[in-house]
Amino acid sequence: MKWILALTWLAFIAYAWIWVPGQPLGSDPVFKELVTLQSKEPWLLTVFSWLGIYPAIFACLLLRRSGRKARGSDVPAWPFVLLSFGLGAFALLPYFAWSSQTHRGSGYERLSFGSQRESGIGRVAAHKLTHVVLLLLTLGTGFYAVTQGNPDVYMEAFRESSFVHIMTIDFVILTLLSVIALFRDAFDNRRSRGWAVAGVIPLIGSLIYLMTSRRD
């Protein structure tokens, strides 16, 4: 798994840098419309917003137990989670690849972190209200896209805009990574590993998992 994730990361970088079709960012009007939130296509705005919600979900999965660390692992999650808000899967793939070797069969132990910031983030990540807010945002933007959007416009942008092309692939990879994240979390919390299948349902599956989990 470690090498599969590492090779996926390298392939994604190479594809985004060399082979991605469509107009480059500097001359891509769709990119400029999305970053300024001026796009008129609901599906484009929705997927773009979901790429902001996904890192928050990974923060809930990886940081809600910020006072704990896999025994024998020296891979902190927070730098990768922080970078994922701007880089998405480009930031999270290295974390999952790096931590996959030490995670297997390693249990958890309570460590003492002096930083109140880390413990505070952990509490916010574990709070049910955080999960409910993220779920409502996901459902609300999804309803907006389904009722007001035009999938054909999105597909045209996927072919013609390098940014939309990459953000779509990024979204798919984040969905697959959520399956791994749920599997690991379920294993660590002695829940059914079948919960990992919920990660196939983008965003919603992970949020339902979080909402039904017990707080530490």
Side-chain angles (χ1 to χ4, degrees), residues 8-9 11-13 15-62 81-93 125 128-182 195-212:
T8 301
W9 179 56
F12 192 23
I13 292 175
Y15 183 78
W17 189 260
I18 301 173
W19 294 298
V20 61
Q23 301 182 56
L25 294 185
S27 57
D28 187 348
V30 179
F31 170 70
K32 296 175 183 178
E33 291 175 355
L34 284 174
V35 295
T36 57
L37 300 180
Q38 294 180 348
S39 175
K40 297 180 180 179
E41 172 47 46
W43 270 114
L44 288 171
L45 285 172
T46 294
V47 175
F48 184 68
S49 68
W50 282 350
L51 289 178
I53 296 175
Y54 242 143
I57 293 174
F58 278 100
C60 291
L61 285 167
L62 302 177
V81 170
L82 183 62
L83 288 173
S84 72
F85 280 92
L87 299 175
F90 287 107
L92 288 174
L93 274 169
K128 300 299 181 186
L129 179 60
T130 302
H131 310 152
V132 170
V133 169
L134 291 174
L135 182 60
L136 290 176
L137 287 172
T138 300
L139 294 175
T141 51
F143 180 79
Y144 171 61
V146 170
T147 58
Q148 304 295 324
N150 185 344
D152 292 335
V153 174
Y154 186 95
M155 293 308 300
E156 181 180 357
F158 177 78
R159 293 189 295 268
E160 298 180 358
S161 167
S162 60
F163 180 74
V164 174
H165 197 91
I166 289 299
M167 86 170 185
T168 304
I169 298 174
D170 187 43
F171 181 79
V172 173
I173 294 177
L174 288 173
T175 300
L176 297 177
L177 286 179
S178 70
V179 174
I180 299 175
L182 292 187
W195 269 107
V197 179
V200 176
I201 306 174
L203 297 103
I204 296 174
S206 297
L207 288 169
I208 291 175
Y209 171 86
L210 286 166
M211 293 173 65
T212 56

Notebook entry, point to check: Are side-chain N/O atoms of Trp50 and Thr141 paired as donor and acceptor at under 3.5 Å?
Noted result: yes
Check: With a 3.5 Å cut-off and no angle check, do the side chains of Thr175 and Tyr54 form a donor-acceptor pair?
Finding: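 Yes, side-chain donor-acceptor contact under 3.5 Å.
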Rounded distance [0.5 Å steps], [atom1] in [X] versus [atom2] in [Y]:
X: Ile180; Y: Leu93; atom1: CD1; atom2: CG; answer: 8.0 Å
X: Ser161; Y: Leu34; atom1: OG; atom2: CG; answer: 7.5 Å
X: Lys32; Y: Gln38; atom1: NZ; atom2: CD; answer: 11.5 Å
X: Thr212; Y: Trp195; atom1: OG1; atom2: CH2; answer: 3.5 Å
X: Ile166; Y: Leu25; atom1: CD1; atom2: CG; answer: 9.0 Å
X: Thr147; Y: Phe143; atom1: OG1; atom2: CZ; answer: 4.5 Å

Could you check whether any side-chain N or O of [X] sits under 3.5 Å from a backbone N or O of [Y], counting only pairs where one atom can act as donor and the other as acceptor?
X: His131; Y: Ala125; value: yes
X: Asp170; Y: Ala89; value: yes
X: Glu41; Y: Asn150; value: yes
X: Lys128; Y: Leu210; value: yes
X: Ser84; Y: Leu92; value: no

I need the minimum non-hydrogen distance between [X] and [Y], along with the two atoms involved.
X: Ser39; Y: Leu45; answer: O-CD1, 3.1 Å
X: Val35; Y: Phe48; answer: CA-CZ, 4.3 Å
X: Gly199; Y: Val179; answer: C-CG2, 3.7 Å
X: Leu61; Y: Ala181; answer: CD1-CB, 3.9 Å
X: Ala56; Y: Leu134; answer: CB-CD2, 3.8 Å
X: Ala145; Y: Thr46; answer: CB-OG1, 3.3 Å

Side chains of [X] and [Y]: does their closest heavy-atom pair fall under 4.5 Å?
X: Phe171; Y: Leu203; answer: yes
X: Pro55; Y: Val81; answer: no
X: Val132; Y: Leu207; answer: no
X: Ser162; Y: Asp28; answer: yes
X: Trp43; Y: Val153; answer: no
X: Leu139; Y: Ile204; answer: yes
X: Ile57; Y: Ser178; answer: no
X: Phe90; Y: Leu83; answer: no

Next item on the list: Show your reasoning for whether side-chain contact (heavy atoms from CB on, under 4.5 Å) applies to Cys60 and Thr130.
Entry: CA-CA 8 Å; Cys60 291; Thr130 302; 3.9 Å; yes
Checklist line | Sequence-distant partners of Thr168, side chain to side chain contact (heavy atoms under 4.5 Å, CB included), two or more places apart | finding: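 Testing Thr168 for side chain to side chain contact (heavy atoms under 4.5 Å, CB included), a comparison that skips the adjacent residues, returns Tyr154, Phe158, Val164.
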Extract all donor-acceptor atom pairs below 3.5 Å that involve side chains of residues 17-24 and protein atoms in other chains or at least two apart in sequence.
none

Check: If you count the non-hydrogen atoms of other residues, nucleotides and ligands that lie under 6.0 Å from OH in Tyr15, is the total more than 12?
Finding: yes
